[in-house]
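See structure below.
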Amino acid sequence: FGVSHKEKLRQLRHNLDCLALTATPIPRTLHMSLSGIRDLSIIETPPADRRKIETHVLQENEEVLRLAIQHELDRGGQVYILHNKVKTIEEQAMRLRALAPRARVAVLHGQMPENEIEEIMVDFYQHAYDLLVSTTIIESGIDIPNVNTLVVLSAHEFGLSQLYQLKGRVGRSDRQAYAYFFYPPPSVSPLSDEAERRLEVLAEYDDLGSGFRIAMKDLEIRGAGNLLGKEQSGEILEIG
C-alpha cells in the first residue's frame, strides 16, 4: 500500500485505529516512529522451527545459478527467479530452460490478464511448475512452503527493504532456504556507491528478524524523505 491508499482506508470511518505490520518499515515511517510521531513495537521472535535463509550476494555467475536450481530440484523443491523487466522476461525464461532442461518453467508478470496470473500461481502452488520466472509481483504473494530457493537477477536495481521483503518469500517452512542476489559485472554495469552499500547490508544482516536493523540501515542510506512537505498525504495532529 502507498500513502494515498492508506488515507482512503482511514477516510472510511472517523476515529479509526490503524495497525501497520511490515517486515521493513520504509525510511519515512521508521523516522516517524523514532521521533515519537507514531508508536512502534518490534516482534523479534521467529516462528517455531524457522531457519535463517542462507544469503549469497555475488556477481552474475551462470554455473552458480545452474547449481542453485539443480540443488533445489534434486530435493523436490521449487525456485523463484526474479527478473523485473517484462520486455525481456521471455528471453530469460528461454535461457533458464536451456540451463535446467528438466525443469518445468512458468512466467508471471503484472501485465498478464488477472485470470491468467491466478491460474499460473495456483498451478505453481500445486507443483505443476518447478521454476517461476517472475517480476516483483510475487513480493507480497501467497505462502508456498515448497519454494525454498530465490534468485534475484540485477539485485542492484532494487531498494533494500524490497530485497528483504522478496527474501521473505522463501524459508516459509522448516526446510533450509537459499537466496541468491546477483549483480552484473562492472564491465556491463558498474554499481553505484549506494547500490553497493545496499548489497553489503543485505549480505551482512542475514539472521532471523533482521528486518528492523536493515530498515535502520535503509534510513541511513536513503535519508528520511520529506516529512512535512505538501507531497505527503494526510495531516499531522501534533509533533514532538
Side-chain angles (χ1 to χ4, degrees), residues 2 23-24 26-27 53-73 78-100 103 105-112 117 120-121 124 129-141 144 147-171 177-206 210-211 214-215 217-218 220-222:
T24 47
I26 59 169
I53 299 161
E54 207 171 287
T55 307
H56 304 275
V57 178
L58 66 169
Q59 199 171 291
E60 271 172 29
N61 183 319
E62 203 146 277
E63 185 56 18
V64 172
L65 177 59
R66 190 184 66 76
L67 289 170
I69 294 169
Q70 194 66 50
H71 176 261
E72 192 57 64
L73 298 188
Q78 292 162 279
V79 183
Y80 282 131
I81 309 277
L82 202 120
H83 176 81
N84 207 30
K85 293 186 179 72
V86 174
K87 257 186 188 172
T88 53
I89 199 165
E90 287 294 347
E91 287 169 36
Q92 199 61 246
M94 282 168 68
R95 175 172 88 105
L96 290 158
R97 283 187 186 105
L99 208 60
V105 181
V107 172
L108 190 76
H109 59 76
Q111 289 176 25
M112 290 175 157
I117 291 173
I120 289 169
M121 213 55 209
F124 186 62
Y129 301 108
D130 304 302
L131 255 70
L132 187 68
V133 187
S134 161
T135 57
T136 52
I137 192 170
I138 60 160
E139 190 173 355
S140 47
I144 308 182
V147 186
N148 283 298
T149 293
L150 165 77
V151 177
V152 179
L153 304 170
S154 302
H156 65 299
E157 292 175 354
F158 295 90
L160 190 49
S161 293
Q162 193 174 25
L163 288 171
Y164 186 75
Q165 197 84 14
L166 286 163
K167 191 171 109 167
R169 292 293 92 215
V170 294
Y178 302 89
Y180 297 85
F181 297 96
F182 287 117
Y183 57 87
S187 54
V188 176
S189 172
L191 293 185
S192 67
D193 290 348
E194 208 170 285
E196 211 169 301
R197 281 180 74 192
R198 285 199 300 267
L199 293 173
E200 277 171 9
V201 168
L202 197 68
E204 187 182 342
Y205 295 106
D206 68 340
S210 296
I214 282 179
K217 285 288 178 186
D218 200 21
E220 226 173 84
I221 295 167
R222 285 163 64 192

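Contact between Thr136 and Asn84 at its shortest, heavy atoms only, is N-OD1, 3.1 Å. Pairing each heavy atom of Leu131 with each of Ala103, the nearest pair is CD1-CB, 3.9 Å. Nearest heavy atoms, Arg66 versus Leu99: CG-O, 3.7 Å. Shown here for Ile69 and Ala100, the closest heavy-atom pair between the two residues is CG2-CB, 3.9 Å. Residues Pro186 and Gln59 share a closest heavy-atom pair of CD-OE1, 3.7 Å. Scanning both residues, Ala155 and Leu163, for their nearest heavy atoms gives O-CD1, 3.7 Å.
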Task: Working for side-chain contact (heavy atoms from CB on, under 4.5 Å), residues His109 and Ile137 - done: CA-CA 6 Å; His109 59 76; Ile137 192 170; 5.6 Å; no
- [ ] Please assess Arg95 against Glu91 for the test salt bridge (Lys or Arg N to Asp or Glu O under 4.0 Å), listing each intermediate value before the final yes or no.
- [x] CA-CA 6 Å; Arg95 175 172 88 105; Glu91 287 169 36; over 6 Å; no
Open item on the list: For a side-chain contact (heavy atoms from CB on, under 4.5 Å) check, start with the C-alpha distance between Ile81 and Leu132, then their side-chain angles and the critical distance, and finish with the verdict.
Closed with: CA-CA 6 Å; Ile81 309 277; Leu132 187 68; over 6 Å; no
TODO: Applying salt bridge (Lys or Arg N to Asp or Glu O under 4.0 Å), run through Glu200 and Arg197 and close with a yes or a no.
DONE: CA-CA 5 Å; Glu200 277 171 9; Arg197 281 180 74 192; over 6 Å; no
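No side-chain heavy atom of Val152 sits less than 4.5 Å from a side-chain heavy atom of Tyr180. At a threshold of 4.5 Å between non-hydrogen side-chain atoms, the residues Leu96 and Leu65 count as touching. Counting heavy atoms from C-beta on, the side chains of Phe182 and His56 never come closer than 4.5 Å. Annotation: side chain of His156 is not in contact with side chain of Glu194 (no heavy-atom distance under 4.5 Å). When side chains are defined from C-beta on, Leu199 counts as touching Leu191, because their heavy atoms get closer than 4.5 Å. Looking at heavy atoms from C-beta onward, Leu166 lies in side-chain contact with Leu82 at the 4.5 angstrom threshold.
Looking only at atom types and distance, the side chain of Thr88 has a donor-acceptor partner in the side chain of His83 under 3.5 Å away. Side chain to side chain, Glu139 and Gln162 meet the donor-acceptor criterion of an N or O pair below 3.5 Å.
Here Thr135 pairs with nothing under the side chain to side chain donor-acceptor pair (under 3.5 Å) rule; sequence neighbours left out. Taking the ring pair (Phe, Tyr, Trp, His ring centres under 6.0 Å) definition, one finds that Tyr178 meets it with His71, sequence neighbours left out. Residues that satisfy the side-chain contact (heavy atoms from CB on, under 4.5 Å) test with Met94, not counting sequence neighbours, are Arg97.
Proximity of a side-chain donor or acceptor of Asp130 to a complementary backbone N or O of Gln78 within less than 3.5 Å is not detected. Side-chain N or O atoms of Thr55 include one that pairs as donor or acceptor with a backbone N or O of Ile53 at under 3.5 Å. For the pair Arg198 (side chain) and Phe158 (backbone), a donor-acceptor distance under 3.5 Å is present.
Other residues, nucleotides and ligands place more than 12 heavy atoms under 6.0 Å from the CD atom of Glu54.
Note: Tyr80 and Phe124 meet the aromatic proximity criterion, with ring centroids under 6.0 Å apart.
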